[in-house]
Amino acid sequence: MKFEHQQAAHCESGVISNLMRHHGVPMTESMALGLSSALSFAYLPFIKLSGLPLISYRMPPKAIIKGLLAPMAARFRFETFRSAEAGEQRLDALLAGGQIVGLQTSVYWLPYFPPNMRFHFNAHNLLVYGKEGDDYLISDPVFEEPVRCASADLSRARFAKGVLAPKGLMYYPQAIERKTVDAASVTKAIRKTVRTMLAPVPIVGVRGMRTLARRMQKLSPGDPRSVDFIGHVVRMQEEIGTGGAGFRFIYAGFLQEAAQLLDKPQLQQMSERLIAIGDDWRAFALKAARMVKGREPVDPAALAGKLREQAQQEETFFRDLRAVVA
């Protein structure tokens, strides 16, 4: 099957933009993230990953895909399965019919990932565009080239247990009636993201950052569990789902496209501001990683202070962005 693979910064935005392009929609990864209003922040202490709280820099899994349905007048079918056998049979049938299929999987069970990148994260998206013998032909957007995966390995990845268990989830478009992005949809999407980031909820948006900062402030420098917590924050930021800096860079690209589409040069300036904020997220992660590796003294209070600075920067940024699209 003829399919053009393009590498992306993030799995879900990469999968959906590749899928949209395959079906005749000139969709960039940046536009997919921005139009779906998927940029966010959440500190969720009641959801645990390996016993530590979930920290997210984007809306929940499938939010990017589902967020594009309305603006593109699209209908997607989402299917889950009770058994791995049923999931594999359905995938094979769709591929035989010429369909390209999106899957939610666990990174841990995908053997083409390097060992040091394989951990129990169940919301990794990829596209399957064919099958040769026992191997599935996979467009995994975080890789430079397409890859292959044996059926047993892919089945294990699709039916992994635990938090965000995929249950064999697959998805594919049934109709995409709008082939271009309109200005009204872009404006609506920006306003929604602003509302999320400035939400009056203590675990979401800039308030969520401040709540996490308070939690980090309480860590004891001498407690080994503090290093585990700091390391977890870095992993959630920089390894799972692109991270704080990465999502800001992608959204900055969306604002550049929006500046052209809406004829608002101010959005180009906002894009440049967001890139600087992303650089600061990267500096935060680097400092935390140095503490975890013993290259700097463990100083939770210093990291908490940097988090508060990030929260203040983003609060000012999103208030200004709201004014631009008022």
Side-chain angles (χ1 to χ4, degrees), residues 1-6 8 10-29 31-38 58-107 109-110 121-131 136-142 146 149 151 153-161 164-182 185 189 192 241:
M1 182 185 300
K2 183 172 173 55
F3 174 78
E4 185 181 344
H5 169 84
Q6 283 193 25
H10 172 61
C11 68
E12 190 175 335
S13 52
V15 158
I16 193 61
S17 55
N18 274 336
L19 198 52
M20 285 284 185
R21 280 194 300 272
H22 181 74
H23 287 278
V25 182
M27 176 76 63
T28 65
E29 180 184 15
M31 181 57 71
L33 182 84
L35 195 59
S36 60
S37 303
R58 52 155 290 183
M59 297 297 279
K62 298 195 290 293
I64 299 175
I65 298 162
K66 291 186 174 180
L68 291 180
L69 300 185
M72 304 314 297
R75 293 195 315 278
F76 271 57
R77 182 165 176 80
F78 296 84
E79 301 179 23
T80 55
F81 304 88
R82 290 176 180 267
S83 72
E85 293 76 19
E88 185 169 333
Q89 288 173 9
R90 178 63 174 147
L91 176 59
D92 289 351
L94 287 167
L95 292 172
Q99 188 69 258
I100 291 176
V101 184
L103 300 181
Q104 182 178 326
T105 62
S106 168
V107 169
W109 299 110
L110 295 172
F121 176 64
N122 288 336
H124 181 69
N125 287 267
L126 52 83
L127 286 172
V128 182
Y129 63 92
K131 190 176 186 181
Y136 287 101
L137 308 180
I138 291 175
S139 168
D140 191 317
V142 302
C149 186
S151 60
D153 292 319
L154 185 61
S155 184
R156 203 168 189 182
R158 292 179 65 197
F159 289 88
K161 306 295 185 184
L164 303 174
K167 301 177 184 176
L169 176 69
M170 61 166 55
Y171 49 89
Y172 51 92
Q174 294 177 304
I176 304 172
E177 296 176 7
R178 193 173 293 141
K179 299 294 185 180
T180 56
V181 177
D182 64 86
S185 295
K192 184 177 178 182

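Since the model is a prediction, treat every value here as computed from it, not as a measurement.
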Would one find more than 12 heavy atoms of other residues, nucleotides or ligands at under 6.0 Å from atom CD of Glu4?
->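 At most 12 heavy atoms, drawn from other residues, nucleotides or ligands, come within 6.0 Å of this atom.
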Take atom CZ in Arg156; do more than 12 heavy atoms of anything else shown fall under 6.0 Å from it?
->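 Check fails, neighbour count at 12 or below.
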Polar contact flag, side-chain donor to acceptor under 3.5 angstrom, [X]-[Y]:
X: Ser17; Y: Glu29; value: no
X: Tyr171; Y: Gln104; value: no
X: Asp92; Y: Tyr136; value: yes

[Y] and [X], any side-chain heavy atoms less than 4.5 Å apart:
X: Cys11; Y: Leu126; answer: no
X: Leu68; Y: Met20; answer: yes
X: Gln99; Y: Pro173; answer: yes
X: Leu154; Y: Trp109; answer: no
X: Leu91; Y: Leu103; answer: yes
X: Met72; Y: Lys179; answer: no
X: His124; Y: Val142; answer: yes
X: Leu94; Y: Ile100; answer: no

Checking the side chain of [X] only, and the main-chain atoms of [Y] only, is there a donor and an acceptor separated by less than 3.5 Å?
X: Ser37; Y: Ala189; result: yes
X: Ser36; Y: Ala32; result: yes
X: Asn125; Y: Val15; result: no
X: Arg77; Y: Tyr172; result: no

Who are the side-chain hydrogen bond (donor to acceptor under 3.5 Å, both in side chains) partners of Ser139, not counting sequence neighbours?
->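 So Ser139 forms a side-chain hydrogen bond (donor to acceptor under 3.5 Å, both in side chains) with His5.
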Set of residues satisfying side-chain hydrogen bond (donor to acceptor under 3.5 Å, both in side chains) with respect to Ser106, sequence neighbours excluded =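 Here the qualifying residues are Asn122.
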Yes or no on side chain to side chain contact (heavy atoms under 4.5 Å, CB included) for Leu169 and Lys62, after CA distance, side-chain angles and deciding distance?
-> CA-CA 10 Å; Leu169 176 69; Lys62 298 195 290 293; 3.4 Å; yes
Taking all non-hydrogen atoms of both residues, which atom of [X] and which atom of [Y] are closest, and how far apart?
X: Ala84; Y: Ser155; answer: CB-OG, 3.3 Å
X: Glu88; Y: Lys131; answer: OE2-NZ, 3.8 Å
X: Pro61; Y: Ala123; answer: CG-CB, 3.6 Å
X: Pro166; Y: Thr80; answer: O-CG2, 4.1 Å

I would like to know whether Leu19 and Tyr129 meet side chain to side chain contact (heavy atoms under 4.5 Å, CB included); could you show each step before the answer?
-> CA-CA 10 Å; Leu19 198 52; Tyr129 63 92; over 6 Å; no
Apply side chain to side chain contact (heavy atoms under 4.5 Å, CB included) to the pair Ile64 and His10, showing each step before the final yes or no.
-> CA-CA 11 Å; Ile64 299 175; His10 172 61; 3.9 Å; yes
Roughly how far, to the nearest 0.5 Å, is the [atom2] atom of [Y] from the [atom1] atom of [X]?
X: Leu69; Y: Ile16; atom1: CG; atom2: CD1; value: 7.5 Å
X: Glu79; Y: Met170; atom1: CD; atom2: CE; value: 6.0 Å
X: Phe81; Y: Lys167; atom1: CZ; atom2: NZ; value: 13.5 Å
X: Leu35; Y: Thr28; atom1: CG; atom2: OG1; value: 9.5 Å

Side chain to side chain contact (heavy atoms under 4.5 Å, CB included) evaluation trace for Leu137 with Phe3 = CA-CA 10 Å; Leu137 308 180; Phe3 174 78; over 6 Å; no
Are Glu12 and Arg58 ion-paired here, with the side-chain N under 4.0 Å from a carboxylate O?
->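 Judged by the 4.0 Å cut-off on N to carboxylate O distance, Glu12 and Arg58 do form a salt bridge.
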